[in-house]
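Reminder, nothing fancy here: chain letters follow the sequence lines and each chain counts from 1. All values reported here derive from a predicted model rather than from experimental measurement.
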There are 2 protein chains.
Amino acid sequence: EQAEVVGVTSDKKVAKVTLLNVADRPGIAAEVFEELADRNISIRLIIQSASSESRARITFILDEEFVDGALEALDRWKAEQLASDVLVDRDVAKISIVGSGLGSTPGLAARMFKALAREGINIDCISSSEMKVACVIASRHLERAVKVVHEEFFKAQPQPVAGVA
Amino acid sequence: EQAEVVGVTSDKKVAKVTLLNVADRPGIAAEVFEELADRNISIRLIIQSASSESRARITFILDEEFVDGALEALDRWKAEQLASDVLVDRDVAKISIVGSGLGSTPGLAARMFKALAREGINIDCISSSEMKVACVIASRHLERAVKVVHEEFFKAQPQPVAGVA
Ligand SMILES: C[C@@H](O)[C@H](N)C(=O)O
Ligand SMILES: C[C@@H](O)[C@H](N)C(=O)O
């Protein structure tokens, strides 16, 4: 499986919601995302790292246009203590490398992280799979981030990336 | 964009490593994954949800055959206090729904989570993108999980899935 990074994608018009200290038991994730689906809110990215002491943290990224439609649900989750706190951050952006076989080639994700680190850009969230490594960063860094990550994988020539979502 | 779930994939031969309380500053993720790449260790999934109080939690999933090769690095990260603790869990499995446009159709991820919840299966980690929603669960639940998630999306008739990789 020859891995290949075929493009760098980014999205500035997104926001991040984090649910702190949700109960780590079956049904919680279903309840949260069913409620968002009922409100017809699309979610771009869902991230939950491993929980501990039966508490979990769920982060999701959505288009900023949907945030206001979600606020009622967020308020209720806090009132009903589904989460100890619900944080909304509109000053975030998403940058991803896309390709094939990314998971089976050691070092591709590390190169992306290193390019961001050299620029002093902090990584707020990470979600990766075989075809994509996505980082959430502060939106003010996005232009610089796209430039350095693009240079890392494509060096001199900018790659035309037709049809990569 | 008509979303479509075209398959359910799973992997039982994986392990989960969690780095607790890493410093949330540029360069940490690069250091961790560069070290794993130097040891030629492929990483299947990287998950970091939003950090707080300048501490982050990084979870990664790797093939169980690579765990022993990573232990030396894990021990050193703990000794050098890159992480307050490093947890290894070999009793995990990964289950994913794959398709297109998953992120822009509200409810597909929720249906997967609900199918697992009905079976009393706890979701330990989540990582989703436009093309895939992956959950980490206890390996003992994997067969049941694949069955109920497959039934949720494909019901009685197995879907003809021509031409999908
Ligand atoms: C936290 C949440 O993912 C929970 N463990 C669930 O299964 O729904
Ligand atoms: C925790 C880690 O992701 C850190 N924020 C970094 O940028 O490397």
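To the nearest 0.5 Å, atom CD1 of residue A/Ile43 and atom OG1 of residue B/Thr105 are 12.0 Å apart. Taking CD1 of A/Ile46 as the start and CD1 of B/Ile126 as the end, the distance is 6.0 Å to the nearest 0.5 Å.
Annotation: residues 24-32 of chain A contacts chain B through A/Asp24, A/Arg25, A/Pro26, A/Gly27, A/Ala29, A/Ala30 [non-hydrogen atoms, separation under 4.5 Å]. Within residues 49-61 of chain A, the residues approaching chain B closer than 4.5 Å by heavy atoms are, in numerical order, A/Ser49, A/Ala50, A/Ser51, A/Ser52, A/Arg57, A/Thr59. Using a 4.5 Å heavy-atom cut-off against chain B, the contacting residues of residues 106-124 of chain A are A/Pro106, A/Gly107, A/Ala109, A/Ala110, A/Phe113, A/Lys114, A/Ala117, A/Gly120, A/Ile121, A/Asn122, A/Ile123, A/Asp124.
Put simply, B/Leu20 and B/Leu82 are part of two different groups of oily side chains (I, L, V, M, F, W, Y) that touch within less than 4.5 Å, one to the next. Note: the hydrophobic cluster containing A/Phe153 also contains A/Leu102 (ILVMFWY, side chain heavy atoms under 4.5 Å, direct or indirect links). Under a hydrophobic clustering in which Ile, Leu, Val, Met, Phe, Trp and Tyr are joined whenever their side-chain heavy atoms come within less than 4.5 Å, directly or via other members, A/Trp77 and A/Val17 fall into the same cluster. At a threshold of 4.5 Å between side-chain heavy atoms, the hydrophobic network of Ile, Leu, Val, Met, Phe, Trp and Tyr places A/Phe33 and B/Val149 in one connected group. When the side chains of ILVMFWY residues are joined at heavy-atom separations under 4.5 Å, either directly or via intervening members, A/Leu36 and B/Ile97 end up in a single hydrophobic cluster.
The residue among B/Asn40, B/Thr18, B/Leu62 with the most heavy atom pairs within less than 4.5 Å of chain A is B/Asn40. Considering only heavy-atom pairs separated by less than 4.5 Å from chain B, the leading option among A/Leu87, A/Leu45, A/Asp63 is A/Leu45. Contact count against chain B (heavy-atom pairs under 4.5 Å) is highest for A/Ser42 among A/Ser96, A/Ser42, A/Ser129.
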Distance-only criterion, 3.5 Å: show the donor-acceptor pairs between side-chain atoms of residues 64-71 of chain A and protein atoms not counting sequence neighbours.
residue : atom : partner : partner atom : Å
A/Asp68 : OD1  : A/Arg90 : NH2          : 3.3

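Remark: A/Arg44 engages B/Glu130 in a salt bridge, criterion side-chain N to carboxylate O under 4.0 Å.
Checked by atom type, the side-chain pair B/Ser127/A/Ser127 shows a donor-acceptor distance below 3.5 Å.
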